[in-house]
Every structure is written in structure tokens, then in C-alpha cells.
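Everything below concerns the one structure shown next.
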Amino acid sequence: MTAGTVLSPRSLWGQSLPGINQRLMITPEQAWDWHVFKSQCGPTYAGSAGWKRFTEFLVSKMPEFGAVDLDYVEIPYDHYIVDDWPDRRTHQHGSGKAVEQLVTDGTPVPAVASYGMTSGSTPPEGVTARMVFYDPAHPPRDSDIAGKILVCQSAPQPAPPYSNSFLDNYTLTDYEWRSPGKWAPLFTPPPTSVTTSYHSRWVWSQLNRFAAAGIKGHAAGIVVVYDLSPGAAFGLAQRSVYTPDGRAGLGATYVNCPTLTLDRVNGAKVVADAKAGKIATLTLTARFQRDTGKAILAHLPGRNYGTPQDQQVLLATHTDAMSLIEENGGFGLLGIMSYFNRVPRAERPRTLTFYFDCRHFMPGGEASWPQFDYYTIHPEKLTSIVATIGVEHMGGRQTIETGPGGNQYAYSAERPEDGGVITSLMDVHNNNIWLVEAIARAATANAWPRVDVKSGNTGPGVNGGFQGTVKSPMNKGRAYKIPGIGLAGDWPGAWTQTYAQVDTEAGPHGFDKNYFVQQVAGLAQIAGELMRVDPRVIDLGWGELKLAIVAVKDTGLLDQYVAAFRHVEAGARDKGAAALKDLSTSVASLVSATDRAAITKLVDTQLAKLI
């Protein structure tokens with residue numbers, strides 16, 4: 001058995017575990033109605049009017065779906081606001097509604113794509129200054145930037161060979177398991193005619209550097225020209241933190257360096273004018289406002305809820321964002337809550353705890369506001385949690401760039417299983433066999449069409465290659481050092497744009513209600529299995545031991561490891577302990593002294609948990 005090999009169907013499906021009763025599931029029509037409502041709310045940045053409508057809806061549904069003992073964490077912050085929702089004319093020069101405008105060398109830019117979040121504002125008449133172009137190969141000196149409008153253009157992707165960091169973010173990488181279907185080649189940047197997600201991430205990756213250069217050089221303002229089509233760029237906010245050190249937090253002092261973003265079509269003349277040192281006028285109407293977001297905790301009681309014997313599975317999402325899919329994980333959690341509320345409490349072995357966070361799109365994200373994490377405030381409540389599930393970005397259709405110059409933004413015409421929907425990127429903490437197979441079982445049983453499972457940098461994937469990581473901060477297991485699974489639907493791909501609601505810049509009906517329900521069903525099945533599994537089966541030590549054994553490249557040892565794990569998985573702990581002892585004996589005779597002590601210690605640690 002080679003590293004990362006998907007186990008045979010017999011071993012994969014051999015367990016008798018309950019599947020999903022489709023009669024208890026939410027319907028696609030119900031999901032559609034929820035999402036139409038959220039689309040009417042518009043952006044749901046923490047503390048905003050749209051966020052309040054959205055979270056009030058979620059809270060109103062929770063008692064109906066059996067949730068009890070709601071708890072809250074209030075989170076104050078300085079909310080940066082540009083009043084461009086819901087009117088697209090706020091981006092159009094001369095519309096009479098524009099709050100974002102740019103004129104270079106006397107010529108207005110017809111449409112501004114978006115702005116830099118937290119970048120500040122201008123007077124009503126804008127700021128007028130000479131432009132200077134940022135050439136990454138020969139960046140301007142701070143003295144050349146001071147008082148000028150800095151114009152930056154995202155660079156093309158580099159030629160191979162690629163670093164692991166590049167592969168991790170901008171290509172498809174190896175995996176623990178993925179669903180059948182058509183997939184782009186591994187380790188090669190996929191073209192935007194197939195998916196916009198990877199290229200968009202590359203474009204975004206350069207923005208912090210541009211903001212830092214403008215802030216350090218005391219620029220009068222910044223213009224960023226995305227290498228994106230007009231549709232892909234429109235409403236796509238630039239998320240850098242405009243402070244001297246790039247850090248956010250309560251009471252942070254922001255630098256006023258108003259920033260606008262443009263697509264490649266509207267930005268072409270601006271780049272030329274900047275290289276020629278022409279004059280520009282940049283206008284951005286914005287403000288900071290102290291608002292208060294709120295994290296929400298709710299519990300669907302298991303049979304032992306309220307007693308010392310209670311164990312919990314934690315499901316987490318965030319409620320704050322700018323668009324429909326980013327973020328609709330709250331509806332995913334409601335769907336799971338609704339399903340298990342229809343299962344008698346006596347048949348729910350563990351409590352489901354639901355965590356609706358709101359720090360994701362606060363400046364700097366969750367890492368800038370650690371003091372407001374619910375379990376940082378209540379660490380004692382972590383002791384009852386046996387596993388976690390993260391949920392974000394559900395039901396989105398895949399977007400592509402096509403047409404002349406790639407400047408037409410559209411939806412993929414592929415079938416869902418072939419990439420017509422955004423991939424369900426599944427993060428596993430850690431590479432425990434049971435956790436990986438639980439996802440495979442759920443995806444297969446519920447016709448979940450597009451799934452890619454990764455365990456991060458814990459070893460090679462099924463093809464022996466680099467796996468990379470899933471960017472899923474909602475998988476709280478990693479931070480809390482608890483076994484966990486996280487869904488992060490691929491992004492940005494139309495889903496981090498202000499006007500990407502039920503309809504997007506790619507066209508109408510960007511939300512696939514059937515895909516959403518398939519995801520909810522799959523996640524509900526995973527939650528159900530996590531409510532039943534013996535914690536010793538999903539213990540993180542199994543993954544650590546597997547990683548060490550894979551590293552010595554001995555298939556016989558790996559087979560012994562799997563045999564020991566299967567005994568424990570089947571509830572035969574005595575046989576599992578005996579198999580681990582046999583494994584320890586083999587390690588002593590087959591493994592070099594360099595690796596032997598570390599592996600033996602890992603084996604002994606797992607053995608102690610079975611006795």
C-alpha cells in the first residue's frame with residue numbers, strides 16, 4: 001500500500017453507518033427562498049444593516065429547529081463603509097450617484113471596479129496629483145511616491161518551476177480523496193477559461209505589497225489595476241489593512257491612502273498615463289463608523305446535554321461578508337440543525353454546538369481579534385468537544401473568463417461533477433483514515449458532485465505528490481487542536497464581489513440550490529458519524545503516527561498500521577493493541593536508529609490510549 005492510497009471499496013464502505021434520510025432534509029426550494037432573502041440583505045459586514053437582518057433571521061429560525069441556550073459575544077470595531085450597495089451607478093463616472101471615480105489626463109474612467117477596504121477617503125472634489133507607476137522590477141523610491149497617486153498593475157504568473165507556496169495557492173495539488181469527474185491537471189495553473197478561482201487568488205496575492213508601498217511612501221492615493229475581466233473585477237474589494245504595520249484591532253490607527261481598483265479594460269489607459277506621469281483626480285467617498293458585531297452560539301441537545309457526560313461536535317461558520325456565497329455557511333448550519341431536530345433527542349448521542357462567528361471580514365480577519373473568540377473567553381467549554389466541522393462558501397456555480405481577450409465573464413458550461421460548480425475543498429485535521437473516509441462516504445452517498453479532500457502538509461497525496469492546504473479558517477479543529485473537517489467552497493470566482501448575490505456579474509442564478517442541498521446532506525452525514533464515532537478512532541495521534549510511517553517508505557509497516565487502526569475502528573481494542581505491539585516490534589527491527597525512537601514513542605502513545 002503506497003502513501004496516500006485511497007483504500008479499497010470494501011474497506012472504505014465496510015462499516016454499517018446510518019446514511020441521510022432525505023425526507024428529513026431541507027428542500028432545494030426552501031434553500032432558494034433563504035438565499036433570495038439574503039440577497040435582498042446585500043453585504044453582511046459585521047454590524048451593518050444587512051448583517052443585522054441576516055443574523056436576526058438565523059436567530060429566529062434556531063428555536064424552530066430545536067436550538068437552546070443561545071449565547072453571544074459582542075465585538076466592537078471600526079467599520080469601514082462605502083455606500084455603494086445596491087446601486088451599481090455608484091461606480092460609474094457621471095452617473096450622479098458615483099462615490100468612486102477616477103479621471104486621468106482629463107479622461108474619466110467609465111467604471112471603477114471597487115475600492116481598498118480601510119483605505120480612507122477623499123474630499124468631495126477628490127484628490128488631484130501626478131501619477132507614478134509601480135514597476136516591481138524597479139520600484140519607485142519613497143520620495144518619488146510621496147504626494148502622488150501610485151498606480152499598480154498585478155503581474156502575470158511566473159514560469160515554472162514553481163515553489164510549494166505557489167503550487168499550494170494557484171494550482172490544483174494532490175489530495176487524500178476526490179470525487180469522480182473532469183479535473184484540470186495537477187501542479188499547473190488552470191486557465192481562466194476553466195475556472196477563475198486560481199488566477200483571481202494570484203491577482204489578490206499582490207495587493208498587500210502595493211498597499212504597503214503606498215503607505216510607506218506617503219502616497220496621495222493608490223490605483224490597482226487587476227488582471228481581471230470587467231465582470232470578474234466589478235465589486236471586488238481590496239482587503240489590505242491600511243495601518244503602518246498592516247495590523248488591525250480595536251483602536252487601530254488607519255492611514256488615509258484612498259484606493260480604487262480597476263479591471264484590465266478600464267485600467268489600460270490609466271497604466272499608460274501613469275507611466276507617462278500624467279495628472280489624475282481620484283475620488284472615494286467613505287467613512288469609518290464604530291459598529292458592533294456579534295458571535296452567536298447555539299446548541300442542539302444530545303441525549304446527555306446538561307450533564308457531565310455530554311460530548312459535543314462543534315460546527316462553525318462566519319456570518320459577515322460582502323456577497324451571497326461569501327458567506328452563506330449560516331444557512332448550511334441551519335440545514336444541519338433542521339435535519340437533526342427531526343431525529344429524536346434520545347438518538348442523538350452527542351450535542352451539536354453551532355458557532356456563528358463574525359470576525360472574518362473585520363479588518364485583518366479572525367487573527368486580529370483573538371480576544372473575542374468564544375472559546376478563548378470560555379476555554380473550559382472546549383473539554384467536551386470531540387470534533388469540529390467548518391462550513392463556508394456553499395452552492396456556488398463556477399465562473400470563467402471567455403471571449404475576446406478573456407474579457408467576457410460567464411458561468412462554466414460543465415456538469416457539476418466536471419467543474420460547473422465551485423469545488424468543495426475539504427480540509428481534514430489531520431490525515432486520520434477515518435476522517436478522510438467519512439467525507440468520501442458522505443460525498444458518494446449523497447451525490448455530492450465536486451469534492452477535493454486535503455490534509456495539508458502532513459504527507460503526500462494519493463499520487464505521491466504535494467498536497468497543499470485548504471484555506472478553511474472555519475475548521476476550528478486546527479486552532480483548538482481537536483480532530484476536524486472543514487468545507488471551504490473554492491473562491492473568489494464571483495463570490496467575493498459586492499453585487500454577487502443570487503445573480504452575479506456572470507449572469508442570473510449563480511446559486512445552485514441542488515448543489516447546496518447535496519452539500520448540506522453530506523455535511524449532515526459527517527456530523528452524524530462524528531456524533532457516534534469513538535474518540536479513540538479519530539484521535540490525532542493516528543495521523544501523526546501515519547505521517548511518521550509514511551516517511552520511512554516501508555509498505556509493510558504501513559499495512560501493519562492500517563490493520564491496527566481497523567481493529568480499533570471496529571471496536572476491537574484488544575486486537576488493536578496487539579497489532580500496535582506487533583508494529584512496534586517490526587519498527588525495532590526494520591527502522592533505522594534515526595527514526596526508530598520517534599516512531600516507537602508514537603506507537604506507545606496510541607497504545608496507552610487503548611488500555
Side-chain angles (χ1 to χ4, degrees), residues 38 40-59 70-87 90 99-100 114-124 127 207-208 211-212 214-215 221-222 235 237-261 283-297 317-323 326-327 330 355-378 473 496 498:
K38 186 177 185 298
Q40 294 166 351
C41 295
T44 57
Y45 294 115
S48 68
W51 176 85
K52 290 175 182 176
R53 285 189 66 196
F54 175 46
T55 55
E56 285 169 2
F57 176 86
L58 295 176
V59 170
L70 273 65
D71 201 0
Y72 304 91
V73 178
E74 292 195 343
I75 309 175
Y77 78 113
D78 293 321
H79 178 192
Y80 180 76
I81 299 172
V82 175
D83 288 319
D84 60 346
W85 171 268
D87 195 341
T90 55
V99 297
E100 307 161 38
S114 194
Y115 55 87
M117 293 173 67
T118 77
S119 69
S121 62
T122 70
V127 294
L207 301 184
N208 285 344
I215 292 169
I222 300 175
Q238 197 270 65
R239 294 176 54 197
S240 298
V241 176
Y242 282 71
T243 57
D245 59 3
R247 297 179 181 176
L250 194 62
T253 300
Y254 293 96
V255 175
N256 193 64
C257 191
T259 299
L260 298 180
T261 65
T283 305
L284 176 59
T285 303
R287 68 187 187 278
F288 281 97
Q289 175 177 301
R290 178 61 60 92
D291 276 329
T292 300
K294 186 183 293 184
I296 307 163
L297 267 287
T317 189
H318 64 95
T319 55
D320 60 317
M322 70 293 289
S323 67
E326 177 74 78
E327 181 55 61
Y355 185 179
F356 302 82
D357 205 349
C358 70
R359 296 171 293 157
H360 197 63
F361 283 97
M362 288 169 54
E366 292 88 349
S368 293
W369 310 86
Q371 70 272 35
F372 296 108
D373 182 274
Y374 184 82
Y375 290 96
T376 297
I377 299 170
H378 302 287
T496 46
T498 297

Is a side-chain N or O of [X] found less than 3.5 angstrom from the main chain of [Y], in a donor-acceptor match?
X	Y	result
T376	Q371	no
W369	P363	yes
Y355	Y375	no
T44	T319	yes

Pair listing, salt bridge (Lys or Arg N to Asp or Glu O under 4.0 Å) test, anchored in residues 357-373, at least two apart: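 Residue pairs with at least one partner in residues 357-373: D357-R359, D357-K476, R359-D373.
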Which residue pairs pass the salt bridge (Lys or Arg N to Asp or Glu O under 4.0 Å) test when at least one of the two sits in residues 241-250, sequence neighbours left out? none
Can you list the residues that meet the salt bridge (charged side-chain N to carboxylate O under 4.0 Å, His left out) rule with R287, with sequence neighbours excluded?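 Here the qualifying residues are D83.
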Set of salt bridge (charged side-chain N to carboxylate O under 4.0 Å, His left out) partners for D71, sequence neighbours left out: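 Not a single residue meets the salt bridge (charged side-chain N to carboxylate O under 4.0 Å, His left out) criterion with D71.
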Separation between [atom1] of [X] and [atom2] of [Y], rounded to the nearest 0.5 Å:
X	Y	atom1	atom2	value
I222	C257	CD1	SG	3.5 Å
E56	C41	CD	SG	9.5 Å
I75	Y374	CD1	OH	12.5 Å

So, for [X] and [Y], which heavy atoms are closest and what is the spacing to 0.1 Å?
X	Y	value
E327	K38	O-CE, 2.9 Å
V255	P244	CG2-CD, 3.8 Å
P258	S121	CG-O, 3.8 Å
A252	D78	O-OD2, 4.5 Å
V241	G364	CG2-N, 3.5 Å
V82	A286	CG2-CB, 3.7 Å

Answer yes or no: is there a side-chain heavy-atom contact under 4.5 Å between [X] and [Y]?
X	Y	answer
E326	F361	yes
K294	W51	yes
H360	T317	no

My understanding is that only residues two or more places apart in sequence, or in another chain, count here; which of them pass side-chain hydrogen bond (donor to acceptor under 3.5 Å, both in side chains) with [X]?
X	value
D291	H79, Q289
T55	none
T283	none
N256	none

Could you tell me which residues satisfy side chain to side chain contact (heavy atoms under 4.5 Å, CB included) with [X], sequence neighbours excluded, listed by chain and number?
X	answer
I377	V73
S119	Y80, Y242, T259, L284
A46	Y77, D320, C358, M362
P123	E125, V127

Would R290 and L250 satisfy side-chain contact (heavy atoms from CB on, under 4.5 Å), going step by step from the backbone distance to the final call? CA-CA 10 Å; R290 178 61 60 92; L250 194 62; 3.9 Å; yes
